[in-house]
Novice: 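First, the structure itself, so that you have it in front of you.
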Amino acid sequence: MGAADTSITAMGVVASLLQVAAIVIGGPLLLGLMAKVRARVEGRVGAPIHQPLLDLRKQMRKERIHAEHSSAVLIVVPFVFVSTAAVAGAIAPLVTTRPALATSADILVIVYLLLAGSVALALAGLDAGTAFGGMGSSRAMTIGALAEPALLLAVVAMSIQSGTSNVPAIVADTLNHPGWSASPQRLLSLGALIIVVVAETGRIPVDNPSTHLELTMIHEAMTLEYAGPELGLVSLGESMRLGLLLALTVNLFIPWGVAEQTGGLAIPLGLAVLIAKVAMLGVLISLFEVRSAKLRLFQVPELLAGAFVLAMLAIVAGLVTT
Amino acid sequence: MTIPLFVVGLGIGVAGVLAGAVLPARIRVASIALLVSGACLVELLAAGSVLLSGRSRTFSSTAILPLAGLRLLLDPLGALFVAIVAFVGLAATVYLVRYAFAGLTTRSATACYALFVTSLLAVPAAANTGSFMFSWELMAISSLLLLLVEHRHRQSAREAAQWYGVMTQMGAASILLGLLVLGSHAGGQTFADIKSSAAGLSPTVRSVGFMLVLFGFSSKAGAVPFHVWLPRAHPEAPSPVSALMSGAMVSLGIYGIIRVGGDLLSGGLLWWWVLVIAMGVLSALFGALHATASSDLKRLLAYSTIDNMGLVLIGVGASGALWVTGRRDVAVLAMIAALFILVVHASFKGCLFLAAGAIERSTGTRDLDQLGGLIHRMKGTASVFAIAAFSIIALPPLSGFAGEWLLFQSLLHGFTDRNTTTVIALLAGVVAFALAGGLTAVAFVKAFGIGFIGRARSPGAGAATEVAGSMVAAMVLLAGPCLVLGVVPGLAIPLLAKAANVGLPSATPGPLVRGPNLELAGYYGAIEPALLLVALVVAGCLTWGVLKLVARRATRRAEAWGCGRELQTSRMQYTATSFAEPLQRVFSDVLRPDIDVEVTHVAESRFYEKALAYSNETDDAIERSFYRPVASAFRWWGERARRIQNGSVHRYLAFGFAALVMVLVVLA
Amino acid sequence: MIGYAAALRLASGIVLLAAVAMLWRRDLRAAVPVLAVQGVALGVVAGTLALHQHDVGLGVTAFLVLIVKGFVVPLLVWRVVRRDPKIRETAPLVNVTASLVAAAVLIVLSFVVSAKITALSPSVATRLVPLGVATILVGYFLLVSRRRAVSQIVGLLLIDNGIALVTFLVTSGVPLIVELGSALDVLLVVVVLQVLVVNLRSRLGTFDLDQLKELHD
Amino acid sequence: MLLVSILVIPLATGLIALVVPWRPLVGWMAAVSDAIVLALGIGLAIRTTSRGPMNALHGTLRADALSAFMVLVIGTVALAAALQSVRYLRVEIARGACTPKRATLYIVLVQAFVTCMLGAVLAANLGVLWVAVEATTIATTFLVGHRGTSKALEASWKYVVLCSVGIALAFLGTVLVYFAAIHPGGGPVVAHGVNTLDWTSLMSVAHRLNPDVLRLAMALIVLGYGTKVGLAPMHSWLPDAHSQAPAPVSALMSGVLLSVAFYALLRFKAIADAALGPAFPRTLLVVVGITSLVVAASLLLGQRDYKRLLAYSSIEHMGLLALGAAAGSALAIAAVLLHVLGHGITKAVLFLASGELHQSEGTSEIAKVPALLSRRPALGAIMAVGLVALVGFPPFVLFASEFSMFRAEVDVGMGWVVAVTFICLVVIFAAIASQGRRLLLGEPAVDAVQETTPRSVTVPLVIALAVCGLLGVIAWPLQSLLHAAAHVVAR
């Protein structure tokens, strides 16, 4: 495949829209699934898996409330947050390696699109001028600043292997070279990547998404001032990012099932496989979360430094073995 | 002999200097602004024509510059830098008209300003050592004097000027020595002489020459560990001057490295460039870390300049290293990446410094801990600041992103190099790139989030008003490329490629495909920022539409959540210092903050606190642990040396006697 | 009648001896006769050379030297010494014994140095050059090591006489115009110093050069 | 005729001043005489560059392009100093610190001083040159002590003792050169005559001179004239004399007297180069040059007195000249001469400005006259620009001359020397910058008086600085003269 291929085909657009739809709907469902698993393990019945979607519907119908001293930032941010996640989801190789704009689906684009969402949310946290918002932003940015490089390096390790930083191409390459998934650099970067994903999506042990104590919050503190539809958008964005990151991680290491063509049954098949893979991973993460507690804030950097070192080792391993 | 356009531009600049020196106060600022912006426009035209046509222009005269002779040559590499300077100069000058305060309207300040811009324009066009050092030193002295416009009231400005002066003189001396060494071995002091005989010079001579100029140029570029002047000087200068310093002057340091190491010495030796990468890595990390820890807005921007120059140095170093090891196509890519970052850096950093000046003008402070809520009162400034800040964080599809992508690609494809040293250097480059990226995001979220949104933290910030239209226009002018070069970065590539072809002699065509997007040929990699922008807009509109459809109820304002506490004041907000505190804690070994908590108790009981003072200062660890001891060693010596001249005529005679006896003994 | 060579040697020897005597004696009043003797000896050196070479110009110079260095200059110095209440160099910076040892070393040095000069044109006269050089060095040493203003004037004059001796011995004098000029200069310097000493004394009340330490860094 | 009138005019003015009682007109007359000297110097420069050297008084006086250039420098600085002298004397008399009689003495001595310097550069005979240089010492001793304070007397004592000793060594050196000239190798003994010490005849036999003797002679000459030039370690008189002399005299001493002595060094160096090859004189000059720079840098670091600051800066610049001369190529010498001119004008401006400051403030301690730019804007600005010019920033002429000197030095393989020079220069810059900062910048005390400086003082100084700036950018009027002069003594 050449970079000069036109990046927009009709089927590509369809595939992209399907991917977006998948994370828009799948993201909340994934959250619901993880909550359900947790409840079951804890011996509770738990809310239905589609509960997050119901919440979303409820929030959409509520009144819009803006904090007293807030500015346009508070209003714009949810859109930015959702659209960056959506665009990242549209171009990433989730269901197929050939979505629209696949040539543009550079790892840097995806990472920085997600960063744009994080930045936007951090600004939203500061907008109302409250102590908690600032606290959340500060903590989230700190964790982000440390997670970002680990993420980048983890992917660089894979990019070196493939000779490109284009994610669909990496995934496609991995499909063609099944042995790669078991190579040391892949495993090391997998470790780094999972830690980063956990940190970026605010899961235990980095953050507790269901906390209600302001002082321990990271992620929730930033969104304290959101209510109604905007809160809905932000929550949607969060679940989209979770879905996207998990799907991407899974596809980078276990790419089988991702459609290399956009025709015929390949795409529905890819979607089905993807859902299965992500659900599996979600369950695994949930099981892990049940068994662990949240880290102290100042131990998080140590965790991320570990991820960083893993990613670096991955690169070194790649350089040594090739 | 016809006088080329760029010399005419310099002439207009000189006219500006004279106008500043002689015209009466009433029309002084207006006329120098007219002349200087005229000079910038002419230079933009001249540089543009050189860049588009690829044909160089020359001018020389032995009547100017005694014993050395003036020699100017505008080739594409020089033209690119002239264009950068002229663009920032134009905006800064437009800004200056309404910004100029009492200290800036004096004869000396206006003349110095015109001189500063003119000399900045002249440096990239100089084609022999004499002309180069002449304009380089003019640039140094004029900017040094401009730092001092507020010398009466600002102790810090006087100190900054001292640091700046000494560092810049050290650098200039080193550059001069390096060029002289190269020139004398090459048999002539014109750049053409050096270039034509560079191949015949021994590696030792070339290395000595390059190391000397590298010290000087990297110090001007703010590279760690020669950066100490920068975080002092940039904040203290008047904002248009800061913008010029950071956007234009600092770039000329990079220009020098490319010109001498690449163009004149044809690439040189591998270890030079590994050293350059090492400095780049240090600068990127150190600059980014300090930027996150700074709460003075202009100091933050200054450290961010160090960070950005670090990235540029990584690019330049990677380019040189890969050039030497024979990976010429990737080398060109890395050079283009470095130049691209330089160009966009000039635009966003210039814009940010101008915005910082606007803030200082309206609020009376540039301490982020005193700001807040400016988005409500300074909408224009806030918007351009946001664009520039997001561009510097490299959010797509803004210009910073395209630059970082190019750099990332060149590093990535450099990894396939066979040379282990290069690969290790590139690995360090990638690590720095990644870490600095995350830290930059924190720094600028802090700058925008604490400075512009939230609630005002001081009366000054609460009473701020938008600055004059022309000042906003100047900022918009600089913010423009952030958007344009971000969305259609391909526009700049052919021009940058021409400049890179000079920087890397007899360059192979770079691996970038022509077009509005960035696309590699021979490697798999592309970005289409315009399409990304479309996609983002579509996604945003769709979301907005859905929301409109679903959520129909009205909006209302309510008090923010205060955890049940009734009274929420703006003092309860996170400040810049507190925002950065977690990161500061993580990196405390490098930053070594000086934290002080002072508790005053009520007289009656030690259990009740009357007042609590907290201070958190982060000064430059390199300055503290290296430069200050050296400075005090010199001061110590100065005190000791006074004994030489203790007033005793016998001692004085003894010196002569000893000299005489010594000479006799030696000759006997 | 002493021969040319013997006369030359004797007179040159006296010049150096006079210099060493200055280093030896602490009594400032002794400076005047010693200087006079040295000046006369210098005149004799020039005269001897003039006779030997039948050079009228040198003869004139010799006469001039005899008058200026043998009489006028010592007289001027006398006028300074007369006013100084403390007529002894009480505490030289280097004590007399050490000074004499130093002088011995300096004389050895001057022999070594002068070898090259002598080598260019060996003759009776040029073989005596070391004496002149030694006089210069001893004079310089006197300047460095003595505290009194008068001692410094004397030291200066010793240097000057030493140079004059060397001049006569190696080249039988420089062109007359230069000779005249330099003689006048020396005279003027002594006059200037004398005036300064008087002024300083009226300002500071002393001739002790250790008082001159107001100007320093 | 031209040469004689150059000497006679200032001397005659001095004699007139001797008989006419003091009045400002006498001072103006002196200034006019200096202006005439300058004009004649220009004429001389044009003549010597176009038609070669000229002689007068049966070969006693001789002027080549180098002498002509020196006459120009002397004329320029003397004119600036004379203009300021009138004001200096007027103020001193008004304060009662000076009597009309002493004013007469001042003018007479200054004229004698200028005549001596002119005589030194126009002398054909190196012996006469020595006499003239020694005579400058005598003429200036009372000028240094002119203020009559104990400090001034102390300075003049040190000045006369140290310089006399030094210059005596130079005489010894001259004698040895003479000796060598009488006994040139590879030929018969030359009958010594009046012309043997003439520079032209010495140059014609230079390659035959005995190297051993000439080595000794050159060393003595460097030490001897070096004292007068102010090269370390024989520099010690300089800070005292320069800081105590009346400002116009300091300007003359620092601006030209040092350079005149340096001119003598240049002449001898040309002979030594021809006789010994470049290595020996170069080593000597490099040693004294570097020592001077190190001493200047060390003492500038902790300097507390602005006049002494300028004095040490003179030592620094003389060190630079010595290094330039050490390089010795045509470019180096041209640069050295340009530096002489540039330093002369710049240092004169600074000394005159600091004299004005000293007269109004009564102290030369930096700490006691802070924030000048705020308190005395015009004077402060002149000093600021002067200091900028002094540390060698463009567009001022010292940049051009230093650049070309360094270039020439590196070209002859003195790279290490230049490296050390640069280290010293950076330290000196740092020192001058920090002293200048204390002197010029900052907020004045609340009760500090704001004073303006009269135009009659500032205008000449501003013009001089403008000339300095202009010469640093455009040099065509000087270029041919510089090259012609450089070729006189360059290797």
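In what follows, chains are A, B, ... by sequence order, proteins preceding strands, each numbered from 1. Given the structure is predicted, the values throughout are model-derived calculations rather than measurements.
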Novice: Examine whether an atom of D:Glu154 lies under 4.5 Å from a heavy atom of chain B, and if so say whether it belongs to the side chain, the backbone or both; otherwise answer neither.
Specialist: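 D:Glu154 touches chain B through side-chain heavy atoms alone.
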Novice: Which value, rounded to the nearest 0.5 Å, describes the distance between D:Leu301 atom CG and B:Trp637 atom CH2?
Specialist: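 Separation between the atoms: 9.5 Å.
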Novice: Using 0.5 Å steps for rounding, measure from the CG atom of D:Leu440 to the NE2 atom of B:His151.
Specialist: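 Reported value, rounded in 0.5 Å steps: 8.5 Å.
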Novice: Relative to chain B, which of D:Ala219, D:Ala232, D:Ala381, D:Ser298 shows the most heavy atom pairs under 4.5 Å?
Specialist: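 Ranked by heavy-atom pairs under 4.5 Å with chain B, first place is D:Ser298.
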Novice: Taking C-beta and beyond as the side chain, do D:Ser401 and B:Leu67 meet within less than 4.5 Å on heavy atoms?
Specialist: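 No, every pair of side-chain atoms sits at 4.5 Å or beyond.
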Novice: Looking at chain B, which one of D:Pro444, D:Ala334, D:Ser434 has the largest number of heavy-atom pairs inside 4.5 Å, strictly under?
Specialist: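 Option with the greatest count: D:Ser434.
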Novice: For B:Arg643, enumerate each residue passing the side-chain hydrogen bond (donor to acceptor under 3.5 Å, both in side chains) test, keeping only those at least two apart in sequence or located in another chain.
Specialist: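 So B:Arg643 forms no side-chain hydrogen bond (donor to acceptor under 3.5 Å, both in side chains) with any residue.
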Novice: So what's closer than 4.5 Å to chain D heavy atoms on B:Glu639: side chain, backbone, both or neither?
Specialist: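 It is the side chain, since no backbone atom gets that close.
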Novice: Checking D:Leu373 against chain B: side chain, backbone, both or neither under 4.5 Å from a heavy atom?
Specialist: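 It is the side chain, since no backbone atom gets that close.
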Novice: Quick one: which residue pairs count as a salt bridge (Lys or Arg N to Asp or Glu O under 4.0 Å) with a foot in residues 158-182 of chain B, not counting sequence neighbours?
Specialist: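 Output for this query lists B:Glu159-B:Arg232.
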Novice: Quick one: what part of D:Leu223 sits under 4.5 Å from any heavy atom of chain B, side chain, backbone, both or neither?
Specialist: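 Just the side chain, heavy atoms under 4.5 Å.
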Novice: Could you tell me which of B:Gly656, B:Ser142, B:Gly165 has the largest number of non-hydrogen atom pairs under 4.5 Å with chain D?
Specialist: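 When all of B:Gly656, B:Ser142, B:Gly165 are compared, B:Gly165 has the most.
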Novice: Hey, does D:Leu162 have a side-chain heavy atom less than 4.5 Å from the side chain of B:Phe655?
Specialist: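 No, too far: nothing below the 4.5 Å cut-off.
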Novice: Could you tell me which of D:Arg304, D:Met234, D:Gln303, D:His235 has the largest number of non-hydrogen atom pairs under 4.5 Å with chain B?
Specialist: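 Going by pairs under 4.5 Å, I would pick D:Arg304.
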Novice: Which residue out of D:Leu284, D:Val410, D:Leu300 racks up the most heavy-atom pairs below 4.5 Å with chain B?
Specialist: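 Result: the option with the highest number of such pairs is D:Val410.
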Novice: To the nearest 0.5 angstrom, please state how far the CG atom of B:Leu660 sits from the OG1 atom of D:Thr227.
Specialist: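 Nearest 0.5 Å value for the CG-OG1 distance: 10.0 Å.
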Novice: If I measure from the heavy atoms of chain D, does B:Leu70 come under 4.5 Å with its side chain, its backbone, both, or neither?
Specialist: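 The answer is neither part of B:Leu70.
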Novice: For chain D, which residues from residues 106-118 of chain B lie under 4.5 Å away (heavy-atom distances)?
Specialist: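 None at all.
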Novice: What residues of residues 420-428 of chain D sit under 4.5 Å from chain B when only non-hydrogen atoms are counted?
Specialist: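 Counting heavy atoms that sit under 4.5 Å from chain B, the residues of residues 420-428 of chain D involved are D:Phe422, D:Val426, D:Val427.
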Novice: Do D:Asp212 and B:Leu667 have side chains that get closer than 4.5 Å, going by heavy atoms?
Specialist: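 SC-SC contact between D:Asp212 and B:Leu667 ruled out.
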Novice: Who wins among D:Pro239, D:Ala335, D:Ala419, D:Ser374 for the most heavy-atom pairs under 4.5 Å with chain B?
Specialist: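 Highest number of pairs under 4.5 Å: D:Ser374.
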Novice: By a 4.5 Å heavy-atom criterion (distance strictly below it), what part of D:Arg437 contacts chain B: side chain, backbone, both, or neither?
Specialist: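 For D:Arg437, side-chain heavy atoms alone lie under 4.5 Å from chain B.
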Novice: Once you round to the nearest 0.5 Å, how far does CG of B:Asn128 lie from CZ of D:Arg407?
Specialist: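 The CG atom of B:Asn128 sits 8.0 Å away from the CZ atom of D:Arg407.
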Novice: Looking at CZ of D:Phe406 and CG of B:Leu180, how far apart are the two atoms once the value is rounded to the nearest 0.5 Å?
Specialist: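 Going from the CZ atom of D:Phe406 to the CG atom of B:Leu180 covers 9.0 Å.
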Novice: Nearest 0.5 Å, please: how far is CH2 in D:Trp237 from OH in B:Tyr652?
Specialist: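 The distance works out to 13.0 Å.
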Novice: Report which part of B:Gln162 has an atom under 4.5 Å of a heavy atom belonging to chain D: side chain, backbone, both, or neither.
Specialist: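 For B:Gln162, side-chain heavy atoms alone lie under 4.5 Å from chain D.
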Novice: Heavy-atom count around B:Met662 CE within 6.0 Å, excluding the residue itself: above 12?
Specialist: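 Incorrect, the count does not exceed 12.
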